[in-house]
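Scroll down for the structure; my scribbles are underneath it.
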Amino acid sequence: MNIMSQVFAVLAVVIYVGVFPVESFLLRRSRWAQKFLSTPPENVAAVMMWAIPTGYRNLVIALGVAAGLVAVNIGEPVVGHTLVVYCCLNMALTAPAMLLADLQGHYPQRWDSVPGTLAATVPAVLALLFLPLGP
């Protein structure tokens with residue numbers, strides 16, 4: 001796996017692991033987290049049912065990418081590539097659901113989802129695009 005693919009895969013891991021505690025633990029306690037996740041304070045209680053599992057799902061996907069990177073770098077390229085490709089595809093194909101929710105009017109303001117959608121999608125897509133370029 002080439003260095004560019006690994007760099008973007010690591011960036012995806014950092015983003016997903018970083019957002020995990022915000023979604024799963026801080027949303028109820030922090031105005032900053034509410035603003036970061038585009039959740040008005042009056043909606044926090046209703047969203048917690050989805051925010052916590054989503055945070056854990058993001059953590060598990062990120063750990064899958066990390067495990068794949070470790071596998072690649074300890075000499076298990078088939079296992080590593082499989083994990084990285086599957087988990088990055090998961091990120092690339094599911095993160096745009098935020099944009100879909102936005103387009104349906106479920107965000108406080110139109111286009112609030114764009115930064116989160118890009119951050120959750122672009123590094124994984126770039127990791128996948130650089131993958132076939134070789135070492």
Side-chain angles (χ1 to χ4, degrees):
M1 181 177 289
N2 66 60
I3 190 68
M4 290 304 292
S5 188
Q6 290 187 55
V7 165
F8 285 111
V10 167
L11 180 58
V13 169
V14 168
I15 290 169
Y16 273 66
V17 168
V19 173
F20 158 69
V22 178
E23 290 173 321
S24 296
F25 303 111
L26 301 177
L27 183 58
R28 187 169 283 223
R29 297 176 180 87
S30 165
R31 292 273 185 203
W32 172 85
Q34 293 164 10
K35 184 163 180 58
F36 180 76
L37 295 174
S38 301
T39 307
E42 63 272 11
N43 293 352
V44 170
V47 215
M48 290 310 296
M49 180 172 40
W50 296 285
I52 292 171
T54 298
Y56 276 90
R57 173 206 149 289
N58 288 343
L59 176 64
V60 169
I61 292 299
L63 294 176
V65 174
L69 291 169
V70 168
V72 162
N73 286 292
I74 64 167
E76 295 293 339
V78 174
V79 171
H81 281 93
T82 302
L83 278 168
V84 170
V85 168
Y86 176 78
C87 293
C88 283
L89 276 173
N90 183 297
M91 293 172 175
L93 296 173
T94 60
M98 290 184 283
L99 182 60
L100 179 60
D102 189 338
L103 294 173
Q104 292 177 345
H106 299 296
Y107 274 74
Q109 294 181 357
R110 182 68 115 198
W111 307 118
D112 272 356
S113 72
V114 171
T117 300
L118 291 174
T121 307
V122 171
V125 168
L126 290 173
L128 292 169
L129 289 174
F130 279 108
L131 193 59
L133 299 181

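The first residue in the sequence is number 1, and the count goes up from there. It should be emphasised that the depicted structure is a prediction, and the values quoted were computed from it without experimental measurement. The basis for the numbers below is simple: all heavy atoms, side chains too, and nothing from hydrogens, waters or symmetry mates.
- Linking Ile, Leu, Val, Met, Phe, Trp and Tyr whenever their side-chain heavy atoms come within less than 4.5 Å leaves Leu118 and Tyr107 in two separate clusters.
- At a threshold of 4.5 Å between non-hydrogen side-chain atoms, the residues Leu99 and Trp111 count as touching.
- Within the 4.5 Å cutoff, no side-chain heavy atoms of Tyr16 are placed close to those of Leu63.
- Counting only heavy atoms from C-beta outward, the side chains of Thr121 and Met98 never approach each other to under 4.5 Å.
- Few gaps surround CD on Gln104; more than 12 heavy atoms of other groups in view lie less than 6.0 Å from it.
- Heavy-atom minimum distance, Thr117 versus Pro96: CG2-CA, 3.9 Å.
- Residue Val17 forms a side chain to side chain contact (heavy atoms under 4.5 Å, CB included) with just one option from Ile61, Leu59, Val65, and that option is Leu59.
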Under 3.5 Å, sequence neighbours excluded: what are the donor-acceptor pairs made by side chains of residues 125-135?
none

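- Within the structure, every pair that satisfies the ring-ring contact (aromatic ring centres under 6.0 Å, His included) test and touches residues 41-78, not counting sequence neighbours, is listed here: Phe20-Tyr56.
- Across every non-hydrogen atom of Met91 and Ala12, the tightest pair is SD-CB, 3.8 Å.
- Closest approach of Phe8 and Pro123 over heavy atoms only: CB-O, 3.4 Å.
- Between the side chain of Gln34 and the main chain of Val44, no donor-acceptor pair closer than 3.5 Å is present.
- Residues satisfying the side-chain hydrogen bond (donor to acceptor under 3.5 Å, both in side chains) test with Asp102, not counting sequence neighbours, are Ser113.
- Rounding to the nearest 0.5 Å places OG1 of Thr94 at 12.5 Å from CG of Leu100.
- Linking Ile, Leu, Val, Met, Phe, Trp and Tyr residues whenever their side-chain heavy atoms come within less than 4.5 Å places Val14 and Met4 in a single cluster.
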Report all side-chain donor-acceptor pairs from residues 77-89 shorter than 3.5 Å, counting only partners two or more places apart or in another chain.
unit_1	atom_1	unit_2	atom_2	d
His81	ND1	Pro77	O	2.7
Thr82	OG1	Val78	O	2.6

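- For the pair Glu23 and Met48, the tightest heavy-atom approach, listed with the atom from each and the gap, is O-CE, 4.2 Å.
- Minimum interatomic distance between Ala66 and Val13 (heavy atoms only, all atoms of both residues): N-CG2, 3.9 Å.
- Cluster annotation: Val19 and Val47 are assigned to distinct hydrophobic clusters (Ile/Leu/Val/Met/Phe/Trp/Tyr, side-chain heavy-atom contacts under 4.5 Å, transitive).
- Here Leu37 contributes atom CG and Leu27 contributes atom CG; the two are 5.5 Å apart, rounded to the nearest 0.5 Å.
- With sequence neighbours excluded, no residue forms a side-chain hydrogen bond (donor to acceptor under 3.5 Å, both in side chains) with Asn43.
- With a 6.0 Å radius and a threshold of 12 heavy atoms from other residues, nucleotides or ligands, Arg31 has its CZ atom at or below the threshold.
- Pairs passing the side chain to side chain donor-acceptor pair (under 3.5 Å) check and including a residue from residues 122-135, sequence neighbours excluded, do not occur.
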